[in-house]
There are 2 protein chains.
Amino acid sequence: MHSTPASAQNTKDAIPALLQDHGISPTAQRVEIAMILLSERQHLSADQVLKRLDEHGAAVSKATVYNTLGLFVERSLVRQVIVDSTKAFYDSNVEAHHHFYNADDGTLTDVDAAEVPIEQLPRVPEGTFAEAVDIVIRIRNTT
Amino acid sequence: MHSTPASAQNTKDAIPALLQDHGISPTAQRVEIAMILLSERQHLSADQVLKRLDEHGAAVSKATVYNTLGLFVERSLVRQVIVDSTKAFYDSNVEAHHHFYNADDGTLTDVDAAEVPIEQLPRVPEGTFAEAVDIVIRIRNTT
DNA sequence: CTGTGTGCAAAGCTTTTGCACTACT
DNA sequence: AGTAGTGCAAAAGCTTTGCACACAG
């Protein structure tokens, strides 16, 4: 392996630093996974991440993909979106936003938080505080 | 087993009729499951339903519980609530409402839809229509 | 007697756990 | 050399599928 100039590429070299900023040691597998997921705004299941790793020739085990994605969520590098009872999606967009979930084809689409203004939140139960508000708008195809 | 007057108990005898109203033939297993889930407003996982069936001495297989709950959802007898990526909850309350999800203990609490007024919904993508809006407010214990 | 519909064992997913191994101190 | 942390094979858990059986027409 030969090194590349630090400033030449932004994405490739920024990833390790980004991981460290979030308290994650940038190992080879983690950088691979982060590069795939963070390369653009997208919603991928663990399975899809694994498939892309294979395509890129990176051999990472299923368990590591799951554990790494879990770690990324814990460290707020990505968001976990739950819409399907049998599969979790990982969202590279961590800014406040909501989702359309197309129940016919299983795809997710972002909705800016500003497009769903909520007048007020209900009072939370005694002894608790609100951590997040997730809105999912289930849509179907008219055809 | 001895029969009870038809009008004496409301719940027990109303269930078969309710199932039929929703186009579901009221077999023994389905009535058992419906009685457990619909006896009161609650959020149960498939697993919890199975456990209660066992406690009531009703022997119904795991597969039948899953398939029956899926059928109930399809026929709008109950609602499926998705908050945990590894488990689905079934909600006996089918009226418009949302949920608090306590991430610390995994419990769900109803929130009346009127308590979360939404000014407007975003325009849905071309060729689709909104089927439902689910709001989940994740809460944590302050302690 | 035929066909539709039901219930369940077994199979198929997704996700977690426990342990060998690595890489720093 | 010791120790904290990483990656993965195997195990566990949730859900679906495929088929034998039951029941209505």
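From a predicted model like this one, the values you see are computed outputs, not experimental measurements.
Applying the 4.0 Å criterion to OP1 and OP2 of D/dG7, one finds that A/Thr64 has every side-chain N and O outside that range. In this model, the phosphate group of C/dG7 is approached by a side-chain N or O of B/Thr27 to a distance below 4.0 Å at OP1 or OP2. The phosphate of D/dC14 (OP1 or OP2) has no side-chain N or O of A/Ser85 nearer than 4.0 angstrom.
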Item to check | Test side-chain hydrogen bond (donor to acceptor under 3.5 Å, both in side chains) applied to B/His99 and B/Asp91, step by step | outcome: CA-CA 11 Å; B/His99 295 98; B/Asp91 187 342; 2.8 Å; yes

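Checked against C/dT15, D/dC8, D/dT6, the side chain of A/Ser25 finds its nearest nucleotide in D/dT6. Of the candidates D/dC8, D/dT15, C/dA9, the closest approach to any side-chain atom of B/Ser61 belongs to C/dA9. Candidate nucleotides D/dT6, C/dT14, C/dG7 were compared by shortest atom distance to the side chain of A/Arg30, and D/dT6 ranks first. In the set D/dT16, C/dT15, D/dC8, the nucleotide with an atom closest to the side chain of B/Asn67 is D/dT16. If you check D/dT15, D/dC8, C/dT15 against the side chain of A/Val60, the one that comes closest is D/dC8.
B/Ile24 has its side chain within reach of B/Phe72: a pair of non-hydrogen atoms, C-beta onward, lies under 4.5 Å apart. By the 4.5 Å heavy-atom criterion applied to side chains, B/Asn141 and A/Phe129 are not counted as neighbours. Counting heavy atoms from C-beta outward, B/Ile137 and B/Tyr101 have side chains that stay 4.5 Å or more apart.
Atom CD of A/Glu95 has 12 or fewer heavy atoms from other residues, nucleotides or ligands within 6.0 Å.
Rounded to an integer number of Å, the gap from B/Leu53 CG to C/dC8 P is 10 Å. Remark: C1' of C/dC13 and NZ of B/Lys87 are 17 Å apart, rounded to the nearest angstrom. Note: NZ (A/Lys62) to C1' (D/dA9) measures 12 Å, nearest angstrom. Here the C1' atom of nucleotide C/dT15 and the OH atom of A/Tyr66 are 6 Å apart, to the nearest Å. The nearest whole Å value for the distance from the CG atom in B/Leu44 to the C1' atom in D/dC14 is 16 Å. One atom, CD of B/Gln20, and another, P of C/dG5, lie 15 Å apart when rounded to the nearest Å. Regarding B/Leu19, its CG atom lies at a distance of 15 Å from the C1' atom of C/dG5, rounded to whole Å. Atom CG of A/Asp47 is separated from atom P of C/dC13 by 9 Å (rounded to the nearest Å).
At a non-hydrogen distance threshold of 4.0 Å, nothing from residues 68-80 of chain B comes into contact with DNA chain D.
Looking at which nucleotide of DNA chain C each of A/Ala63 and B/Ile24 is closest to, the 5′-most match is held by B/Ile24.
Using a cutoff of 4.0 Å between basic side-chain nitrogens and carboxylate oxygens, A/Asp134 and A/Arg79 are scored as salt-bridged.
Side-chain N or O atoms of B/Arg138 include none that pairs as donor or acceptor with a backbone N or O of A/Val133 at under 3.5 Å.
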